[in-house]
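Report on the following structure.
In what follows, chains carry the letters A, B, and so on, assigned in the order in which the sequence lines appear, proteins first and then strands, with residues in each chain numbered from 1.
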Amino acid sequence: MAPSLVWFRSDLRIHDNTALTAAARRGPVVAVFLRSTAQWRAHGHGANKLDFWRRGVAALSESLAELNIPLLHRDAETFATVPETLLAVAREVGADALHFNREYPLDEARRDARVIEAFTAAGLAATGHHDAVAFAPGELLTGKGDVYGVFTPFARAWHRQVTAERLALRDTPGPQAPLTIRAEPLPELPPLEDTPVDSRQWPAGEGPAADRLERFLRFRGRHYADQRDYPAIRGTSELSPYLALGMLSHRQCLQAVLAGNGGALADGDAGLTAWVGELIWREFYQHVAAGFPRVCRHRAFQAHTEALPWRDDEPGFRAWCEGRTGYPIVDAAMRQLVATGWMHNRLRMVTAMFLAKHLLIDWRRGEAFFLRHLVDGEFAANNGGWQWAASTGTDAAPYFRIFNPTTQSQRFDPEGRFLAEWLPELAGLPARARHAPGRDLLPRLDYPAPIVEHKAARARALAAFKGLSPER
DNA sequence: AGTTGCTTGTG
DNA sequence: ACAAGCAAC
């Protein structure tokens with residue numbers, strides 16, 4: 001029997017993998033991974049993500065080997081060359097069908113559509129499965145039949161309509177009879193602009209992902225609602241890199257919640273239900289990327305905000321990137337990002353809002369910087385978060401929502417522990433003084449004065465937004 | 001998933 | 001003073 005080809009992308013796992021399960025049910029499977037260096041570069045993925053990706057593919061290759069599924073590697077520099085590359089692989093191994101799990105941002109969706117066209121034209125079957133979401137984009141719509149543009153009603157509808165079947169884990173295939181086709185060695189990473197962070201920080205693969213899920217739910221899940229906002233505490237799941245590359249599925253997460261929460265997702269333990277909400281945010285932004293493709297073309301979700309007078313401020317942008325804005329919470333967070341490839345969720349909001357509101361610098365520059373550094377960098381969530389912070393996005397984020405970085409710091413790092421960890425120059429100060437060191441202290445601290453004054457920057461941002469038309 | 005400034009009440 | 005409540009941004 002002719003084998004099926006399974007094309008892996010951001011679904012680097014053999015458990016609960018819709019495409020793999022479907023293909024294996026039918027017969028023998030050959031797996032393929034495509035390296036699209038030029039496309040990844042154009043999309044702005046950085047060294048941390050690419051390194052994590054490569055290590056994840058290596059782990060996948062080993063898992064597949066235990067199932068006697070060979071993983072092949074090919075280069076398809078840009079997405080445009082993907083259909084021909086995959087067709088060549090299919091012919092080479094004699095496959096008559098292709099299975100993959102869909103990706104929803106515009107370039108990926110188009111690439112996938114072209115692959116299906118090419119296979120169909122060649123008389124081969126090709127199936128794009130919905131795997132990364134409980135509801136395919138378009139399946140959850142408002143009463144008027146529109147794609148949701150606000151999170152809360154989306155989440156309500158998600159909870160109302162979700163079924164056990166949608167969240168059921170896909171069967172893991174058993175080992176198949178060995179094929180004559182051999183697995184291929186993992187290609188090298190392309191030359192990278194930055195050096196990836198120490199790989200021990202983020203061990204790749206399904207095993208580490210499952211361990212981390214288990215440990216999170218066992219020790220921290222029940223405290224999630226109370227602790228997730230405090231960057232000095234490891235209160236969040238730290239699973240985003242694994243979810244972004246599919247080393248872990250949302251179903252695995254939700255099944256673990258169901259098991260630990262008496263079979264409920266929407267009520268029961270406050271920590272676990274809060275975390276379910278965060279998983280639904282991920283799905284919401286996939287729907288937004290698919291339903292409003294303009295956001296994938298560097299456009300604002302709220303069209304009228306395109307008229308905002310973003311400032312051209314290179315020194316300000318550099319100071320933000322390098323963690324020397326003079327706002328300790330912003331600087332500590334940016335240093336955490338650059339040093340570890342990860343930033344606490346609360347601080348992503350604080351730093352993003354600071355760039356977009358206090359510096360009035362185009363959110364797209366911050367979005368790109370985050371993607372370049374984040375090990376969990378993923379278009380839909382990153383873009384959604386940035387547009388939320390910049391008040392150009394979904395969820396009707398009021399333009400006047402401007403974090404006071406000092407207040408955020410005092411509220412969410414009350415003991416100044418996170419500040420001391422990332423800004424050793426401030427560690428000697430009493431905790432309360434770390435949030436906003438007085439100007440008299442700065443020279444001897446070797447720490448910069450604030451590059452903008454909060455009150456004036458806030459007023460400037462409010463004025464800029466007020467100048468937009470539909471906002472009144 | 002916010003902040004500010006003002007009012008009112010309390011000591 | 002300072003906290004709580006509230007409207008407006």
Minimum-distance nucleotide (side-chain atoms of A:K455 versus B:dG5, B:dA1, B:dT3)
B:dG5
For the pair made of CG in A:L462 and C1' in B:dG2, what is the distance, rounded to whole Å?
11 Å
What's the OH-P distance between A:Y399 and C:dA8, to the nearest Å?
13 Å
Taking all non-hydrogen atoms of both residues, which atom of A:W388 and which atom of A:Y285 are closest, and how far apart?
CB-OH, 4.0 Å
Rounded to whole Å, how long is the line connecting atom CZ of A:F151 with atom C1' of B:dA1?
10 Å
A:F403 CZ to B:dT3 C1': how many Å, rounded?
10 Å
Short side-chain N/O contact from A:R401 to OP1 or OP2 of B:dT4, under 4.0 Å:
no
Measure the shortest side-chain to side-chain distance between A:L279 and A:F284 over non-hydrogen atoms and say whether it is less than 4.5 angstrom.
no
Does a salt bridge link A:D112 with A:R9, judged by any charged N lying under 4.0 Å from a carboxylate O?
yes
Is it true that, when you exclude A:R294 itself, more than 12 heavy atoms of the residues, nucleotides or ligands shown sit nearer than 6.0 Å to its CZ?
yes
State whether A:H454 places a side-chain N or O below 4.0 Å from either non-bridging phosphate oxygen (OP1 or OP2) of B:dT4.
yes
Please state whether the phosphate of B:dT3, meaning OP1 or OP2, lies under 4.0 angstrom from any side-chain nitrogen or oxygen of A:Q408.
yes
Lys/Arg N to Asp/Glu carboxylate O, A:D376 vs A:R348, below 4.0 Å:
yes
What's the closest nucleotide to the A:F400 side chain, out of B:dT3, C:dC9, B:dA1?
C:dC9
note: A:I402, atom CD1; B:dT4, atom P; distance rounded to Å ~ 9 Å
Take atom CG of A:L347 and atom P of B:dG2, then tell me their distance rounded to the nearest Å.
14 Å
In whole angstrom, give the distance that lies between atom CZ of A:R458 and atom C1' of B:dT4.
6 Å
Using OP1 and OP2 only, check whether a side-chain N or O of A:R411 sits under 4.0 Å from B:dT3.
yes
N/O (side chain, A:N404) to phosphate O (OP1/OP2, B:dG2) under 4.0 Å
no
Given atom CD of A:Q410 and atom P of B:dT3, what is their separation to the nearest angstrom?
11 Å
